[in-house]
Number of protein chains: 2
Amino acid sequence: MVGAENLSRKEQVIRTASELFKQKGYSATSMRDLAQALGIEAASLYSHIKSKEEILQALCFEMAKRFQRSLREVEGADISYSERLRRGITGHIHVMAKELTASAVFMNEHRHLSQPYLRDFLLMRINYINRFKKIIEGGIKAGEFKAVDTKLAVMTLFSSLNWMPHWYDPSGIIDPSELGNQLAGMLIEGLKTK
Amino acid sequence: MVGAENLSRKEQVIRTASELFKQKGYSATSMRDLAQALGIEAASLYSHIKSKEEILQALCFEMAKRFQRSLREVEGADISYSERLRRGITGHIHVMAKELTASAVFMNEHRHLSQPYLRDFLLMRINYINRFKKIIEGGIKAGEFKAVDTKLAVMTLFSSLNWMPHWYDPSGIIDPSELGNQLAGMLIEGLKTK
DNA sequence: CCTACCGATCGGTAGG
DNA sequence: CCTACCGATCGGTAGG
């Protein structure tokens, strides 16, 4: 099956690229670096991908889709805003934990997308953030949350989620659900003892 | 005064570089980009700086020093852990707000430092984070904070501080002190109404 | 997947 | 601060 072989090899290229992009950044990673990591010549990469940027596009949009899908499942549910926030956070962390490297690239390297991809990406991201913001605003209107600055609240949450690929070790003692519960707990209940 | 003129021109180069590094990233910013932004030829940059990386070094270590100094002022104070955390956060935000662009570069581009600068930088960063962590641990031991996962707590705080240069508008309605108080309040008291 | 190669651009230097 | 340039490396193509 030629098709399946090509697909799997292409994915192998994308995964290896993802690791290099995370480590060194997109711009500082050359196609020769990538080829060397795969044990082939740089020119051979172009049998599997059209361009360097195509790899970044594949990574960024695949992750964006996964994060969007995860959040959508929570929005319809008939539950409290605290619970909705908790599930949104846990869902995000699950997606992230399954693709830690791609998540880091998604977060830090998307600015190297060219137009119109960059614009599309940023629209998806602002949409994602706004949906979390709506949950927080809903909680405030319902009297469940304090009247905090919603931009600060959502940015604090989003920052925390974004930075996790840099320090979270999924093989450690704390699993994604537990991490999500603890983050949600901390943001909702605060650090202070009652 | 030749000395003063050189210094001021060098700082102008560093500031312009800082803006480009923030926008496009260190690797994707060429010396020709920088020269063009300053209205001179690329070769002329080397009258003011020794190398591209020297600019990054100057930026990163200057900001690191400022953040360290800001935190040091809080650690000696004889105040509650909540208050210590609050002042640590507010201090960080003040430093950041005064040099928003350099703060963004400090955060996102330090990985392009070569050795031994990279190692020194990372040691300073881990030291900075650990000092915030100590405040949180102190608060837990004193019964002032809940027994949360301190790594998650400090990373959430640190992420939030790091991401601020990307969204905070210091010319907006919320000033640095107010932003610090709100972030500290949110982390300490939580979103939930009591 | 390789050899052979392209034009463009990179950070930086010499010498004024 | 400029002109003139350097060797190295970049992403990518032709042709097998």
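Below, read A as the first sequence line, B as the second, and so on, with proteins coming before strands; counting in each chain starts at 1. This one's a predicted model, so the numbers in the text were calculated from it and none came from an experiment.
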Trace of the side chain to side chain donor-acceptor pair (under 3.5 Å) decision for B:Q182 with B:E178: CA-CA 6 Å; B:Q182 288 208 25; B:E178 174 63 10; 2.8 Å; yes
Parallel, tilted or perpendicular: rings of B:Y128 and B:H92 (30°, 60°): tilted
B:W163 and A:F158 aromatic ring geometry - parallel, tilted or perpendicular at 30°/60° bounds: perpendicular
Check ion pair B:E83-B:R87 (N to O, under 4.0 angstrom): yes
A:E53 side chain reached by A:S114 side chain, heavy atoms, under 4.5 Å: yes
Distance flag, aromatic centroids of A:F21 and A:F106, threshold under 6.0 Å: no
Length of the line joining A:Q36:CD and C:dC1:C1', which is rounded to integer Å: 17 Å
B/S/- contact track for nucleotides 9-16 of chain D, protein heavy atom under 4.0 Å: -BBBB---
Short N-O contact, A:E99 and A:R15, less than 4.0 angstrom: yes
Degree of bending, the helix from C:dC1-D:dG16 to C:dG16-D:dC1 (end axes from five pairs; round to 10°): 10°
Approximate separation, where rounding is to 0.5 Å, of A:H110 NE2 and A:D120 CG: 13.0 Å
Between P of C:dC2 and CD of A:E41, the distance in whole Å: 5 Å
